[in-house]
Number of protein chains: 2
Amino acid sequence: MTASKARSGDGDRFGKICQGIRRAILEAALMPGDRLPEDSLGESFGVSRTIARHALGQLAAEGLVELRRNRIATVSAPTPSDARDIFDIRVALERQVVQHLAGTLTDPQVAELKAIVEAEHAARHGPDGASIRLATEFHIRLAELTRKPILIRYVTEICYRAGLSLSSLGRPHSSECAINEHLALIEVIRTGPSDKASQMMAEHLEAVASRALLGGEGRQARDLVSILQPYAED
Amino acid sequence: MTASKARSGDGDRFGKICQGIRRAILEAALMPGDRLPEDSLGESFGVSRTIARHALGQLAAEGLVELRRNRIATVSAPTPSDARDIFDIRVALERQVVQHLAGTLTDPQVAELKAIVEAEHAARHGPDGASIRLATEFHIRLAELTRKPILIRYVTEICYRAGLSLSSLGRPHSSECAINEHLALIEVIRTGPSDKASQMMAEHLEAVASRALLGGEGRQARDLVSILQPYAED
DNA sequence: CCTGCCCAAATCGCATGCAGTTGCGCGCCA
DNA sequence: TGGCGCGCAACTGCATGCGATTTGGGCAGG
């Protein structure tokens, strides 16, 4: 499925485009509403429209890209309410991750996770995009440790969506605390009972969501679309 | 995506194919391993390979279809372990559904849900496929009542995957009890506290999973792939 | 009778071409 | 100056064509 297909490495042009756009979105290089015409996309990745088009379809299925008939594809613009839903789902899924993982981490796994957190620490004063990407990588890596392909897939997808929501709706930045929370998470997953670990993950994600989403001045100009949305539903 | 693109009705050939195959899989008309060549697919839906191919991509992203490079697409063959993961995730997601819904159901909504259960009752002696489809429809309708598009999307997807798992790994049938459980669910969602409703949903889904999955003689010939899988991973 | 090789048919991967739709800019009119 | 409508360029929707790859079945050899 997607996970196995995204595993680019051979001549997988399709996966390359998907991954490229995903990363661009995650790092906030692409912002909601940005246009993604098939032609120019294919050109910049050195392939024909066909593949670019296919990739856009995939990304639309993941919720990162919006596809309207006969219109240029755009980067999705999650509403605050979307963001709320995404984080609710994310909490539910990542609780499962830590529940399955609690007490099973091997030393190399712990080391790998700590290495990611260290990278986060190193990047904490760099561009915003890198921080978000690394934090996301931490959560995805955690999911991958479960070796449950379907869970991995959903966590990955929801993490990307969350990243998009953060970069478009969130405050400029607030990753400082997340780093400590990640370290604490590793510890509690390694040693703690699964309930406690699950609870801590839930609190961590809630903290991320409220630090970034609820506190700040979420709404900019383009938010009028989310305001008008209820009126346009019928 | 599904939600916004499912706005079918006009000339949406793409959505038609997706929905057609989804339904065929859900009703067990298509079984895991069945081949889905682009040509014949497009022919039977009256479109060119291009669209059929695109639809297969979408279904692969949803996990219903397996796509291997240069090979004919096949209906996915979930392993028992996949099925376990799917139901774990499904429990987590549907708990959210009933938590959001508890105590908010309007009378027409209750009536609509009861109508679906009634249809289940009517179809309880018909072909297996119809029962599974209606039970699935119940859960999806429940999710739709939350009006949370992203949650709806994930629940829908996971329900389809669960349906595929049931029809391929499950016993011939055991929907009798599910009908009563659905009725009980409606009641507790309508009146009960959200915790209780959430708990009942979890128990219902666990019951479905264990009735169908754990009890029976899950493994047939093709399961040797899942047996060999761990050895082939590196 | 079983095994292994080789070739033709089936099928996929991808680019390109054409037709239909959108929307943007420019000129016209108030 | 500001609003309106028209026409063209850009873009998408989709089909088809060609080369590459897999498959499975026949034939030769053990």
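Letters A, B, ... are given to chains in the order of the sequence lines, protein chains preceding strands, and every chain is numbered from 1.
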Practice task
Quickly work out the A/Leu56 CG to D/dT12 P distance and round it to whole Å.
Solution key: 8 Å
Handout entry: Side chain of A/Arg71 (C-beta onward), nearest among C/dT22, D/dT12, C/dT16
Key = C/dT22
Exercise for the section: Let me know the distance between CG of A/Asn70 and P of D/dA9, rounded to the nearest Å. Expected result: 20 Å
Exercise for the section: Before accepting this row, confirm whether a basic side-chain N of the pair B/Lys16/B/Asp12 lies closer than 4.0 Å to the acidic partner's carboxylate O. Expected result: no
Handout entry: Residue met sooner reading DNA chain C from 5', once B/Thr50 and B/Leu36 are mapped to nucleotides
Key = B/Leu36
Exercise for the section: May I have the distance from B/Phe14 (atom CZ) to D/dT12 (atom P), rounded to whole angstrom? Expected result: 16 Å
Problem - A/Ser48 side-chain N/O to C/dA15 phosphate OP1/OP2 under 4.0 Å - result: yes
Problem - Residue from A/Glu144, A/Glu157, A/Arg147 passing side-chain contact (heavy atoms from CB on, under 4.5 Å) with A/Ile152 - result: A/Glu144
Problem - Donor-acceptor contact below 3.5 Å, side chain B/Arg133 vs main chain B/Arg23 - result: no
Completion exercise
With A/Ile86 as partner, the option from A/Ser81, A/Ser165, A/Cys159 fulfilling side-chain contact (heavy atoms from CB on, under 4.5 Å) is A/Ser165
Problem - B/Ile17 vs B/Ile51 side-chain heavy atoms within contact, under 4.5 Å - result: yes
Practice task
Return yes if the base of D/dG13 and the side-chain atoms of A/Arg49 contain a donor-acceptor N/O pair under 3.5 Å, otherwise no.
Solution key: yes
Exercise for the section: Quickly work out the A/Ile72 CD1 to C/dC24 C1' distance and round it to whole Å. Expected result: 11 Å
Exercise for the section: In whole angstrom, give the distance that lies between atom CD of A/Glu38 and atom C1' of C/dT16. Expected result: 14 Å
Problem - Separation of atom CG in B/Asp39 from atom P in D/dT22, rounded to whole Å - result: 17 Å
Exercise for the section: Look at the side-chain N and O atoms of B/Arg35 and state whether any lies under 4.0 Å from the OP1 or OP2 oxygen of C/dC12. Expected result: no
Exercise for the section: Mind calculating the distance between CG (A/Leu67) and P (D/dC11) to the nearest angstrom? Expected result: 15 Å
Problem - C/dC14 phosphate, OP1 or OP2, under 4.0 Å from B/Arg69 side-chain N/O - result: yes
Practice task
Calculate the interatomic distance between B/Arg53 atom CZ and C/dC12 atom P; express it in whole Å.
Solution key: 8 Å
